[in-house]
Peer 1: 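Dropping a structure here in structure tokens format, bear with me for questions.
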Amino acid sequence: MPKEKSTTRKGGKERVQRRKKDPNAPKRGLSAYMFFANDNRDKVREENPGITFGQVGKMLGDKWKALTETERKPYDAKAATDKKRYEEEKAKYQAQLAEASEEESS
DNA sequence: AGTCTGATTGTTACC
DNA sequence: GGTAACAATCAGACT
């Protein structure tokens, strides 16, 4: 493992729309957790009717890690698929940059 | 060359 | 509409 830095907002401040140097911002693909949540959100809520987001989120994360790589596989696979999608965006995004640069040469 | 931070993604629930 | 923990992630910016 590279580094175990708490992915949690260190400052716990507003991390909404920030730094955006990308012209067309190729956004990133979804994370395995996103797909995991997509499949668990309704399931967790079903077993926990009336559960608030705070509980769902924490519980989801706990279960997420509870899963083994094998169980994460399908989710990771989806994440990888989404990543590919992002790759296309990134490719186009960079292609546009190159094009713009070329035109700029004019 | 290597690291690290910042930005982004999606969920639900509430104001 | 936006924000809040939850986790991943990845690419660009920085040293």
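The chains referred to below are lettered A, B, ... by the order of the sequence lines, with proteins before strands, and numbering in each begins at 1. Note: hydrogens, waters and symmetry copies are ignored here, and every other heavy atom, side chains too, is used.
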Peer 1: Measure CD/A:E89 against C1'/B:dA7 and give the value in whole Å, please.
Peer 2: 14 Å

Peer 1: Can you tell me how far apart NZ (A:K83) and CZ (A:R28) are? Round to the nearest 0.5 Å.
Peer 2: 11.0 Å

Peer 1: Does anything in residues 51-60 of chain A reach DNA chain C, meaning a heavy atom under 4.0 Å, and if so which residues?
Peer 2: A:F53, A:G57, A:K58

Peer 1: Does C:dA11 have OP1 or OP2 under 4.0 Å away from a side-chain N or O of A:K90?
Peer 2: yes

Peer 1: Could you state the atom-to-atom distance from OH of A:Y33 to C1' of C:dC6 in whole Å?
Peer 2: 4 Å

Peer 1: In whole angstrom, give the distance that lies between atom CG of A:D82 and atom P of C:dA8.
Peer 2: 16 Å

Peer 1: Sequence neighbours excluded and cut-off under 3.5 Å, please list the side-chain donor-acceptor pairs for residues 40-67 of chain A, or say none.
Peer 2:
unit_1 : atom_1 : unit_2 : atom_2 : d
A:N40  : ND2    : A:F36  : O      : 2.6
A:R41  : NE     : A:N38  : O      : 3.1
A:R41  : NH1    : A:N38  : OD1    : 3.2
A:N48  : ND2    : A:V44  : O      : 2.8

Peer 1: Identify whether the distance between the nearest side-chain nitrogen and carboxylate oxygen of A:R85 and A:E89 falls below 4.0 Å.
Peer 2: no

Peer 1: In degrees, rounded to 10°, what is the bend between the two ends of the helix from B:dA1-C:dT15 to B:dC15-C:dG1, using five pairs at each?
Peer 2: 50°

Peer 1: Side chains of residues 68-81 of chain A: which donor-acceptor pairs under 3.5 Å do they make with residues two or more places apart or in other chains?
Peer 2:
unit_1 : atom_1 : unit_2 : atom_2 : d
A:T68  : OG1    : A:E71  : OE1    : 2.7
A:E71  : OE1    : A:T68  : N      : 2.7
A:T81  : OG1    : A:A77  : O      : 2.7

Peer 1: Roughly, in whole Å, what's the span from NZ in A:K84 to C1' in C:dC10?
Peer 2: 16 Å

Peer 1: Using a 4.0 Å cut-off on heavy atoms, which residues in residues 39-46 of chain A reach DNA chain C? List them by number, or say none.
Peer 2: none

Peer 1: Name the closest nucleotide to the A:S31 side chain, picking from C:dA7, C:dA8, C:dC10.
Peer 2: C:dA8

Peer 1: Tell me which residues in residues 61-79 of chain A put a heavy atom below 4.0 Å from DNA chain C, sorted by number, or none.
Peer 2: A:G61, A:W64, A:K65, A:R72, A:D76

Peer 1: For the side chain of A:L30, counting heavy atoms from C-beta on, which of C:dA11, B:dA7, B:dG10 is nearest?
Peer 2: B:dG10

Peer 1: Does A:N38 place a side-chain N or O at less than 4.0 Å from the phosphate oxygens OP1/OP2 of B:dG10?
Peer 2: no

